[in-house]
Amino acid sequence: MKEVDEQDRPKEECGILGLYTPSGEAARLAFFGLFALQHRGQESAGIAVSDGETVRMHKEMGLVSQAFNEQILSELPGHLAIGHTRYSTTGASVLRNAQPIFCTSIVGEIAVAHNGNLLNAGQVRQKMIAEGERFDSTSDTEVMARLMVRHMDRGPENAVAATMREIEGAYSVAVLTPDRLIGFRDPNGVRPLVAGRVADGFMLASESCAFGPVDGHVERELEPGEMVIIDNLGMRYAQGAPPRRKAMCLFEYIYFARPDSHMGTTSLYAARERMGENLWKEHPVEADIVVPVPDSGVPAAHGLARASGLPFQEAMVKSRYIHRTFIVPDQRLRELGVRMKLTPMIDKIRGQRLILVDDSIVRATTTKQLVKMMFDAGAAEVHVRITAPPIQHPCFYGIDMSSKGELAAAQMSIEQIREHLGATTLGYLSIEGAVAATGGKPSQFCLACFNGDYPIPVPEDVTKSAFESPPEVGELATVKAH
Ligand code: SF4
């Protein structure tokens, strides 16, 4: 069973945070912060806390609001906490794979929360099993946690640094020991991680938007390979592993991260507006109105409307109440799912030549239904404009696009996709146009899913499954939605 919401979009694997507050209310603050990271994962949520001696944890399947209540939070006393929201890309979606992952070490219990994907987790796991290690879950996070436990006799910071030397992949991680909190980022800095302050303490989180609900502010982004250590002595930075070429995920700017987050000094809302402006420059067309696909297409549609001089027009209403409606994932019910979620406003659409703006096309199933919905509502023309360049290659760094057979742009030409969608015209933003909108340079980003240039080498056993048995083009519409 899969949820209706965002069924044809790439899924972020996880959101993480860590908190230190002398008030002893770390779990409560973590709960509020996790709310702001809910978009990064809706399958499970967890918080681990320490009062200086004992690490306690609670995690559940479901949303943050479903996993926690007043009673549960009151049973999590402590001044240190880490939190996690999960969408599974490796390891099944079951409670034992939910995070944080809990292990016993020489310094006491430790808890680990991870966003990303380890590329050598299978190999390391097999080696550790051969050496007698036992695993409770199938997640790559437990591999990382048990490696740390093995090195913990050298102290938590050294254990983290030693673990970073043994793992390969994309990772931003929060570790809780009885007396400290450590955050660290992979040597290429693929997944985001920022550190900053709350009123009387310190915080780290996947995104700056988590700081708002706890009245905190970001100090800075962690550099590739950097770690931040937070304890009673304060907050300090150290280099855990030598940095490699910076390769921040461009998709964070296009879609994953919340529009009110900042990456570096860049406002993501403003970057997405500029993507819309660039989309117009690259693909102008005669039309009457600019229509966003809510909510993710809104900033780019504003930018495109501004650049084109055409009116911005909301033409679909998004239901707020079906976020976690589970349905049997057959094609007919998936189509109903889109209709339950988005309702067209016929009087805004009838007779109009509209530019429909969205962030990405993965399998093309949802976009196809939206185009049909617009024509069924009486649109004269539907010009689809997409801010993500065509996704032609799988992601191995923690985003749920690991099979080439599921990617429309890997199977069809742009013209074939247009035809498949039933759109009047189709225009994707170029890689150059998307990068320019961030204010950065192509060399700072991972662009692998767009151009096949993988900044972290992907082992053959990991790539193999991604290229096996691609479905026929005609099957794309019925590929299982994630
Ligand atoms: S391959 Fe694409 S989605 Fe994956 S990390 Fe790179 S830019 Fe992001």
Side-chain angles (χ1 to χ4, degrees), residues 6 8-16 39-41 87-90 114-121 140 167-173 185-193 206-207 221-222 224-225 244-258 261 263-264 266 268 271-272 275 296 358-363 386-410 428-438 440-459 462-463 465-467 482:
E6 313 294 341
D8 191 25
R9 295 186 187 286
K11 301 293 192 299
E12 178 62 79
E13 192 177 350
C14 301
I16 62 168
H39 60 289
R40 299 182 72 88
Y87 175 81
S88 59
T89 57
T90 63
H114 165 215
N115 168 213
N117 188 33
L118 298 190
L119 294 167
N120 63 344
D140 56 350
I167 54 178
E168 279 297 335
Y171 51 84
S172 282
V173 183
R185 204 173 172 205
D186 70 72
N188 296 84
V190 177
R191 304 258 74 87
L193 191 61
S206 297
E207 285 180 44
E221 205 169 79
L222 266 72
R244 299 181 196 147
R245 122 154 160 68
K246 197 166 187 178
M248 175 79 186
C249 170
L250 183 65
F251 240 121
E252 294 280 356
Y253 286 75
I254 295 171
Y255 168 65
F256 297 137
R258 241 173 57 162
S261 281
M263 300 244 158
T266 307
L268 293 195
R272 289 171 193 175
M275 286 177 197
S296 52
D358 205 357
D359 58 83
S360 56
I361 292 179
V362 182
R363 298 162 187 82
I386 302 294
T387 51
I391 304 164
Q392 295 179 303
H393 305 272
C395 175
F396 300 103
Y397 306 144
I399 302 305
D400 187 18
M401 306 189 296
S402 57
S403 165
K404 200 161 180 169
E406 293 180 339
L407 304 174
Y428 287 90
L429 186 58
S430 64
I431 294 176
E432 296 72 26
V435 170
T438 69
K441 299 190 187 89
S443 57
Q444 299 170 333
F445 289 102
C446 172
L447 304 167
C449 54
F450 309 120
N451 66 9
D453 178 12
Y454 290 92
I456 310 169
V458 183
V462 177
T463 52
S465 62
F467 295 96
H482 283 259

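All ligand and atom numbering here is 1-based and tracks the order in the structure.
Counting heavy atoms under 4.0 Å from ligand 1, residue Leu250 touches it through the backbone alone. With a 4.0 Å cut-off on non-hydrogen atoms, Arg191 touches ligand 1 through its side chain and not its backbone.
For the pair Leu119 and Tyr397, the minimum side-chain heavy-atom distance is below 4.5 Å. Under the 4.5 Å side-chain criterion, counting only non-hydrogen atoms from C-beta, Thr438 is in contact with Phe445.
Under 2.8 Å from atom 8 (Fe) of ligand 1 lies no N/O/S atom of Cys446, from backbone or side chain alike.
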Exercise. Can Ile167 and Asp186 be said to form a side chain to side chain contact (heavy atoms under 4.5 Å, CB included), step by step?
Worked result: CA-CA 9 Å; Ile167 54 178; Asp186 70 72; over 6 Å; no
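A donor-acceptor pair under 3.5 Å links the side-chain atoms of Arg272 to the main chain of Ile254, judged by distance alone.
Scanning the protein for heavy atoms near atom 1 (S) of ligand 1, the closest one is Cys449 N, 3.4 Å. When only non-hydrogen protein atoms are considered, atom 4 (Fe) of ligand 1 lies nearest to Cys395 SG, 2.3 Å.
Looking at every heavy atom in both residues, Ser206 comes nearest to Pro192 through O-CB, 3.3 Å. Residue Ala257 comes nearest to Arg40 through the heavy atom pair CA-NH1, 4.3 Å, listed as atom of the first residue, atom of the second, then distance.
For ligand 1, the atoms sitting less than 4.0 Å from at least one non-hydrogen atom of Val190 are 5 (S), numbered in the order shown with element in parentheses. The contact set between ligand 1 and Ala448, taken as ligand atoms under 4.0 Å from a residue heavy atom, comprises 1 (S). Of all atoms in ligand 1, listed by their number and element, those nearer than 4.0 Å to a heavy atom of Cys249 are 3 (S), 5 (S), 7 (S), 8 (Fe).
Ligand 1 is never approached by His393 to a heavy-atom distance shorter than 4.0 Å.
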